[in-house]
Number of protein chains: 4
Amino acid sequence: MPESPSSPPAKRGRRKEARPGELLEAALDLFVEKGYAATRVEEVAARAGVSKGTLFLYFPSKEELFKAVVRENISGRFSEWQETLTHFAGNCSEMIEYAFFAWWERIGSTKVNGLGKLMVSEANNFPEIALFYRNEVVLPAQDLIRQILKRGMASGEFRDIDLEYAIYLVQAPLMQLDLMQSSKAICIVNPDNFDPQKYLKMHADNLLVGLRPRAA
Amino acid sequence: MPESPSSPPAKRGRRKEARPGELLEAALDLFVEKGYAATRVEEVAARAGVSKGTLFLYFPSKEELFKAVVRENISGRFSEWQETLTHFAGNCSEMIEYAFFAWWERIGSTKVNGLGKLMVSEANNFPEIALFYRNEVVLPAQDLIRQILKRGMASGEFRDIDLEYAIYLVQAPLMQLDLMQSSKAICIVNPDNFDPQKYLKMHADNLLVGLRPRAA
Amino acid sequence: MPESPSSPPAKRGRRKEARPGELLEAALDLFVEKGYAATRVEEVAARAGVSKGTLFLYFPSKEELFKAVVRENISGRFSEWQETLTHFAGNCSEMIEYAFFAWWERIGSTKVNGLGKLMVSEANNFPEIALFYRNEVVLPAQDLIRQILKRGMASGEFRDIDLEYAIYLVQAPLMQLDLMQSSKAICIVNPDNFDPQKYLKMHADNLLVGLRPRAA
Amino acid sequence: MPESPSSPPAKRGRRKEARPGELLEAALDLFVEKGYAATRVEEVAARAGVSKGTLFLYFPSKEELFKAVVRENISGRFSEWQETLTHFAGNCSEMIEYAFFAWWERIGSTKVNGLGKLMVSEANNFPEIALFYRNEVVLPAQDLIRQILKRGMASGEFRDIDLEYAIYLVQAPLMQLDLMQSSKAICIVNPDNFDPQKYLKMHADNLLVGLRPRAA
DNA sequence: TATGAATGAGAGTTCATTCAT
DNA sequence: AATGAATGAACTCTCATTCAT
């Protein structure tokens, strides 16, 4: 039942369907901007235009709010990515290159990117959340990479190396870019003139050459 | 830095000039272990063997303590490394491989490693020391890498690519390893059975193959 | 109080006149089970099958709901008991013993028992209904006891003691049992193996021996 | 180290020795007056003349504060009571009579009496505290009674009845008096003219007659 | 110089109550 | 008459910072 454009937005009262989305968006903004611990639920509520109590109507705790943010923005999308990978028309090198740019478009260039840095920063203080993120995000992502590499090795497109360590080869550029984006002021040589796509292109290129089978 | 024999050890009373150092050391340990927010100044003081009040005698706030810790610990080992690089007997590939393992030995495997993660985590909260860290650590490190790559390209050992982006190719494995070490629970597929040296070997190997000049 | 046949059952729509009763019943259950403070009005409403808002349509506050519950449930069974007592065929000792077990059957072993504890617990917060409870329940009950004792002393079956204090002798076992039932976890030595009837038997026995006239 | 009367009370600063006692006293007052849940720690602190934070310097939680109150006022005194009982010069009837009045003097007539009612009222909502109270207060008290009864039965001074139920015979008057004191407005026939000692005398008298061995 | 008792602003969370629909 | 989304005050507990000694 989409509101017709002429219907004035209900200032107060029933917004039940819209609320969780608004809260999730406000929460994503603030978590990414200030970190998990430093984000106050009251501020999230305020940014979503509701009171503190209202937030707890939709999310039973700050922790669950954060998990919902992660689910909404990342874990919920793995099935789609898996689908894409399964039906990908192209060889494994093309797959990896595609994945790099797809990641950039959907995650790296958006504020969702900040969640990665957040987890790295706060994992030790919130083990439960860290475990959740590992299970919902990191392991599924590593599994996608594993599938590609396995297929590439099986077909002879990639050389034969320890799969579990090879995953890190693929992951490193994305992880580095995530963190560089989040801490631009520290990591990037020339922040005003940095082209992520060029960065990814070079990384993909170098990686894939390295993965090729080698002459005796 | 052993005390010179001429400075008599204070027989009784407090070695007052030693206090700040002890506090800084305690603070480094705890900041690295728990992060900034989760470190309580009382715990720092306790670990240094003084009272909470005493800490505030030397550092006017937790924030200043943090700044002092970072400034104290990120110092001039670069001249030594520059020296080593300058006199290195070997080609550029060997240099990079050597650098990876030297980094692991001196930084990656020690608690200093934690400072990298700390800076990434807190950079936004302390722009001033982020800048400091960038100037004192990140840029010099990137410069070392730049020198190696430039030499390698000049000699034809490496293919000709955009130098500024190539730096990230070399940096990525170390940055990733730094953060994986600091947030084991999240990033590593099989944390109980992870061999950093193997990780570095594979990364170096793949990197160097990718950097080789290419046929046609 | 069955609906008279002339009032047609509302086929559709809500049986609005039934609402307060359902709410009171739900509230009794919950107040007795969890105490006043720990009972949430939302839970009361839910148990009565209505929304929280509806509850406030009938009772302007939690406090008024509580008062209504107590008033509703402490009713006039005393005339019946008075009747029973008046026509009791047996001596006063038998009367007391009978009263003990009748109390157990009709009050002590039912949820009404919880109202006693509730009043003891909340009397200070609700002086008005404490007074009500005193007048409607405690004093009438004490009066029944007084009658028995007076008759027993008059007939020589009981020894001659201060009537007003003797009332407490009779009351104590019931009061204790009421509270023990309501706070089992605290008071009873072996809660899994406690027999209220045996408890009452022993109390009655001991009490009645004590009340007998004594030899010089 | 009692302050000499001339020494002015230290307005601020070191009171460490005195603080816990002041807080315990304030806490006892408020817990007894308002119940456990309704007592706010801030109010306890205020009554003791300190800030909320200070209270938590001495007691890590509200629960521990309550336990400390119970220990200070009741459980800590059982060893003395056990001692008294062990060395009591008199028969078991005299013991019980003595115990009744000792209880009255030390507990029943003081505000400590209110703790009993508090526990009965809130036991169901705070199971951990209830367990604590059971172990620290109720069971030890019942054990004292058990000892007396056992001795009395062994010597033939009391008749032979089920010990575990007989405990309640002794306990009932004290429990009833505790609750009547705490809820005067409800339970006592003539509150302005009630003599607890007379009440106890009559109860003890009746109880002891009942406990005597009976002629065939 | 050193102490550590004391502070008090906030944190997450709960729930009786309100009110637009 | 009935709803249930929304509120906001109140609760316990934390911890960086202060200050009398």
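Here is the naming used below: chain letters follow the sequence lines, and residue numbers restart at 1 for every chain. Because the structure is a prediction, the values reported are computed rather than measured. Keep in mind that the numbers below use all heavy atoms, side chains included, and drop hydrogens, waters and symmetry copies.
- Within the 4.0 angstrom heavy-atom criterion, only backbone atoms of the sugar-phosphate kind lie near A:K62; the bases stay farther away.
- Looking at which nucleotide of DNA chain F each of B:A38 and D:T39 is closest to, the 5′-most match is held by D:T39.
- A:E43 places its CD atom 19 Å from the P atom of E:dA9, with the value rounded to the nearest Å.
- With hydrogens and angles ignored, the 3.5 Å screen pairs no side-chain donor or acceptor of D:N73 with any backbone N or O of D:L28.
- Position along DNA chain E of the nearest nucleotide to D:G53 versus B:L55 favours B:L55 as the more 5'-ward residue.
- Contact annotation: A:Y58 side-chain N/O to F:dA5 OP1/OP2 distance is not under 4.0 Å.
- The phosphate of E:dA5 has neither OP1 nor OP2 within less than 4.0 Å of any side-chain N or O from D:T54.
- Going from atom CZ of D:F59 over to atom P of F:dT14 covers 15 Å, rounded to whole Å.
- Here the closest heavy-atom approach between residue A:T39 and residue A:K62 is recorded as O-NZ, 2.9 Å.
- Between the CD atom of A:E128 and the P atom of E:dG12 there is a distance of 16 Å, rounded to whole Å.
- Between D:K52 and C:E42, the residue anchored nearer the 5' end of DNA chain E, judged by the nucleotide with its closest heavy atom, is D:K52.
- The CG-C1' distance, from B:L30 to F:dA16, rounds to 16 Å in whole Å.
- DNA chain F is contacted by both B:P60 and A:G49; A:G49 maps to the nucleotide lying nearer its 5′ end (nearest heavy atom per residue).
- Separating the OH atom of D:Y36 from the P atom of F:dT12 is a distance of 8 Å, rounded to the nearest angstrom.
- Summarising the geometry of B:S121 relative to B:N125, their closest heavy-atom pair is O-OD1, 4.3 Å, with the distance given to 0.1 Å.
- The backbone N or O of A:V120 sits less than 3.5 Å from a side-chain atom of B:S183, completing a donor-acceptor pair.
- B:V41 comes within 4.0 angstrom of a nucleotide base, judged by non-hydrogen atoms across all strands.
- As rounded to whole Å, 18 Å separates atom P of F:dA16 from atom CG of B:L57.
- Regarding A:F56, its CZ atom lies at a distance of 18 Å from the P atom of F:dA10, rounded to whole Å.
- With ring centers used as reference points, B:F126 lies under 6.0 Å from B:Y36.
- In this structure, F:dT21 and E:dA2 make a Watson-Crick or G-U wobble pair, each of the two defining distances being under 3.5 angstrom.
- Dashed line: the shortest gap from a side-chain N or O of B:S51 to OP1 or OP2 of E:dT3 is under 4.0 Å.
- Atoms CD (C:E22) and P (F:dA2) sit 10 Å apart, rounded to a whole Å.
- Here E:dT13 sits opposite F:dA10 as a Watson-Crick or G-U wobble pair (both hydrogen-bonding atom distances under 3.5 Å).
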